[in-house]
Amino acid sequence: MSTVRIRFAPSPTGYLHIGGLRTALYCYLFARSQGGNIVLRIEDTDRTRFVEDAEDDIVQALEWCGLEVDESPMLGGPYAPYRQSERQDLYRKHAESLVDSGHAYYAFDTSSSIAELRKNNEAYNASTRLQMDNSLTHSEEVVRMRLESGEEHVIRLRVPENVTVQFNDLIKGSVSVDSANIDDQVLVKSDGMPTYHLANVVDDQHMAITHVIRGDEWIPSTPKHILLYQAFGWQPPAMAHLPLILSPTGGKLSKRSAQRQGIPINVRDYRAKGFEPQAVINFLAFLGWNPGTEDEVFELEELTSVFSLERVGSAPAKFDLDKLGWFNAQHLRRLDIEVLLERVRPFLEKHGMIVEDDYLRDVCFLVHDRLQQAQDLVTHFSYCFVDPVTFDPVGIRKRWKSDAASLVDDYAARLDVLRSFNEETLEFKLRDLAASRKVGAGRIIHPVRLAVSGTTAGPGLFALLRVLGRRTSVRRLRNAVTRLG
RNA sequence: GCCGCGUUCGUCUAGGGGUUAGGACGCCGGCCUUUCACGCCGGUAACACGGGUUCAAAUCCCGUACGCGGUACCA
């Protein structure tokens, strides 16, 4: 058995989106679980949709997630080049060999004559090809002349009549299609570029790909590819078509539908929003696959050791942002505090907050378990860095009673003269004050929290005060006393 | 329209002839607690429908419905 070789073959028509990452992930997991190799191949045969920085984005997105590839345009490898635009001659040569063997033909039809064909609801296939303008309907000599004169043309696959094309998909099982339902597919476009169908078959063969793992949307074209392999006399690789990721409302997870649901669509957006790469990977892995146990939280390397294609389901799955949030919280919590610091820094900077490492470390330690996304630190816990400017009105009504100002002021006075600003002392001083004023501790705790953070929710009060430090704590307490009265 | 693929709690899913149909997210309730989270405990909720096959069907077969995908000189 030869070594497993998998390719991830995106086309650079835009930034890598979440569905593409899922495909890449499954490719990676399968390759690694089999001890095989994975190659990144850029399918840039559509010049009209080419996006300049897309390739770069794809590479960075994979890197961010830790999906390392073995061969790629920048890494090189034994089957270079890995950009299809750089392999044009190969495709042309193979297409022509197909014409020679009678499996393909030149076609000169204008776009308007094809449009007319389709208007009559007819396909370009065995039943119509003889009415069209191609090398099947003209003498060899005429064809040669037209070709030599540089007339625009394409090369089409001559799909055989009345055969059933069948293949065994590793995920879907047996799939078969009657060749009558397959068009004479364009193999080489009039600009000389191959279509996906040709390029992908030629490259998979030449790059010794053993398994094609790609999205469900390719199932209908796979019979065309099988036909191509047969025409070339090649053995097709194994096929595995992954179920699609759907929008929560059911449709295709398009840019528009995703935006409406608040779902980031490009991988770079997940990064920008403070999602953990491991969480995104974990979430994606479980969209259509499960290990058969009840474990759910996995890192990439752990996934690699338990992944198998047999356990990939065949039904499409809806994207669930809440579940992703849960995975993110799980992975965020497992992060080493120093790594968390790195995660959180960009968000502080974005908000113009300059914070020293030691202090940030204290804060992170304090709120670590309460973060779901890294950016929560600045959105939920800004009071760790700047004095509160507003106080939650509901909190005021509920917690800032008539004696609050005097109690808080008293507490501030006691803190102000404290020598060791540790949690035990802070708590002792507060309870002592409560006792001497004959009130419950909560009568002070709550207004103090409100004064210091502007809200009624948050980490343990004494730990919070300790982190804020004496100067800040006292300043905020006194400030609240004057503001709230 | 035609072709293909699919259908278990709201969502992700386990289970594939005999199960109280299991887990996770979400939601609800409780415990913990100075608050809110975390955590823990408990609850809610599903085999699309109709026919077969069988002693027995969520599970196998056939239809129907619904959903999704494809139907390009896009991938």
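Being a predicted model, the structure only gives us computed values, none of them experimental. All heavy atoms count here, side chains included; hydrogens, waters and symmetry mates do not. Here is how names work: the chains are called A, B, and so on, in the same order as the sequence lines, proteins then strands, and each is numbered from 1.
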For the side chain of [X], counting heavy atoms from C-beta on, which of [options] is nearest?
{"X": "A:Gln330", "options": "B:rG39, B:rC73, B:rA75", "result": "B:rG39"}
{"X": "A:Arg399", "options": "B:rA75, B:rU35, B:rC68", "result": "B:rU35"}
{"X": "A:Lys172", "options": "B:rC5, B:rA24, B:rC3", "result": "B:rC5"}
{"X": "A:Ala457", "options": "B:rC36, B:rG23, B:rG69", "result": "B:rC36"}
{"X": "A:Glu217", "options": "B:rC5, B:rG39, B:rA75", "result": "B:rA75"}
{"X": "A:Asn181", "options": "B:rC73, B:rC3, B:rA75", "result": "B:rC3"}
{"X": "A:Arg431", "options": "B:rC73, B:rG69, B:rU34", "result": "B:rU34"}

With a 4.0 Å limit, can you tell me whether [X] has a side-chain N or O closer than that to the phosphate oxygens OP1/OP2 of [N]?
{"X": "A:Lys224", "N": "B:rG70", "answer": "no"}
{"X": "A:Arg118", "N": "B:rA72", "answer": "yes"}
{"X": "A:Thr45", "N": "B:rA75", "answer": "yes"}
{"X": "A:Arg47", "N": "B:rC74", "answer": "no"}

Looking only at heavy atoms, which two atoms of A:Leu198 and A:Pro194 are closest? And how far apart?
->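 Reported closest heavy-atom pair: CD1-CB, 4.0 Å.
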
Step-by-step salt bridge (charged side-chain N to carboxylate O under 4.0 Å, His left out) determination, A:Arg158 to A:Asp184 = CA-CA 6 Å; A:Arg158 186 178 185 175; A:Asp184 281 0; over 6 Å; no

Which part of the nucleic acid does [X] contact within heavy-atom distance under 4.0 Å: base, sugar-phosphate only, or nothing?
{"X": "A:Val186", "result": "sugar-phosphate"}
{"X": "A:Thr456", "result": "base"}
{"X": "A:Phe327", "result": "nothing"}
{"X": "A:Ser176", "result": "sugar-phosphate"}
{"X": "A:Arg311", "result": "sugar-phosphate"}
{"X": "A:Asp109", "result": "base"}
{"X": "A:Ser314", "result": "sugar-phosphate"}
{"X": "A:Pro459", "result": "base"}
{"X": "A:Leu461", "result": "base"}
{"X": "A:Gly442", "result": "nothing"}

Output the rounded distance in Å from [atom1] ([X]) to [atom2] ([N]).
{"X": "A:Arg334", "N": "B:rC38", "atom1": "CZ", "atom2": "P", "result": "15 Å"}
{"X": "A:Ile445", "N": "B:rU35", "atom1": "CD1", "atom2": "C1'", "result": "9 Å"}
{"X": "A:Asp322", "N": "B:rA24", "atom1": "CG", "atom2": "P", "result": "16 Å"}
{"X": "A:Leu332", "N": "B:rA37", "atom1": "CG", "atom2": "P", "result": "18 Å"}
{"X": "A:Leu321", "N": "B:rC25", "atom1": "CG", "atom2": "P", "result": "16 Å"}
{"X": "A:Ile114", "N": "B:rU71", "atom1": "CD1", "atom2": "C1'", "result": "15 Å"}
{"X": "A:Arg156", "N": "B:rA72", "atom1": "CZ", "atom2": "P", "result": "10 Å"}
{"X": "A:Asn168", "N": "B:rC5", "atom1": "CG", "atom2": "C1'", "result": "15 Å"}

Compare all side-chain heavy atoms of A:Arg87 with those of A:His206 and state whether any distance is below 4.5 angstrom.
->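 With C-beta onward as the side chain, the pair touches.
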
Using the salt bridge (charged side-chain N to carboxylate O under 4.0 Å, His left out) rule, collect all pairs that involve residues 374-387 of chain A, keeping only residues at least two apart or in two chains.
->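 Qualifying pairs, neighbours excluded: A:Asp387-A:Arg475, A:Asp387-A:Arg476.
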
Run the salt-bridge test on [X] and [Y] with the 4.0 Å N-O cut-off and return the result as yes or no.
{"X": "A:Glu86", "Y": "A:Arg83", "answer": "yes"}
{"X": "A:Lys224", "Y": "A:Asp183", "answer": "no"}
{"X": "A:Glu122", "Y": "A:Arg118", "answer": "no"}

Classify the side chain of A:Arg449 and the base of B:rU34 as holding, or not holding, a donor-acceptor pair under 3.5 Å.
->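 For A:Arg449, whose side chain was compared with the base of B:rU34, there is a donor-acceptor pair (under 3.5 Å).
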
Assess whether one donor atom and one acceptor atom, taken from the side chain of A:Arg370 and the base of B:rC38, lie less than 3.5 Å apart.
->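 For A:Arg370, whose side chain was compared with the base of B:rC38, there is no donor-acceptor pair (under 3.5 Å).
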
Option passing salt bridge (Lys or Arg N to Asp or Glu O under 4.0 Å) with A:Arg437 (candidates A:Asp403, A:Asp410, A:Asp409, A:Asp432) |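 It is A:Asp410; the other options fail the test.
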
Could you check which nucleotide pairs with [N] in any of the strands shown, counting Watson-Crick or G-U wobble with both distances under 3.5 Å?
{"N": "B:rC25", "value": "B:rG10"}
{"N": "B:rU64", "value": "B:rA48"}
{"N": "B:rC55", "value": "B:rG18"}
{"N": "B:rG69", "value": "B:rC3"}

Considering heavy-atom distances to RNA chain B, does A:Asn121 or A:Gly458 have its closest nucleotide positioned more toward the 5' end?
->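 Final value for this comparison: A:Asn121.
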
Before giving the answer on salt bridge (charged side-chain N to carboxylate O under 4.0 Å, His left out), spell out for A:Arg449 and A:Asp392 the whole-Å C-alpha distance, their side-chain angles and the decisive distance to 0.1 Å.
-> CA-CA 11 Å; A:Arg449 171 188 302 287; A:Asp392 172 28; over 6 Å; no

Dump every N/O contact between nucleotides 11-13 of chain B and the protein below 3.5 Å, one line per pair.
from, atom 1, to, atom 2, distance (Å)
B:rC12, OP1, A:Lys318, N, 2.9
B:rC12, O2', A:Phe286, O, 2.8
B:rU13, OP1, A:Gly288, N, 2.6
B:rU13, O3', A:Asn290, ND2, 2.9

Contacts of A:Phe50 that satisfy side chain to side chain contact (heavy atoms under 4.5 Å, CB included) - sequence neighbours left out |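 Side chain to side chain contact (heavy atoms under 4.5 Å, CB included) list for A:Phe50, sorted by chain: A:Pro12, A:Asp44, A:Glu52.
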
B:rC49 versus B:rC12 - spacing of their C1' atoms, nearest Å =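 The same atom, C1', in both gives a distance of 24 Å.
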
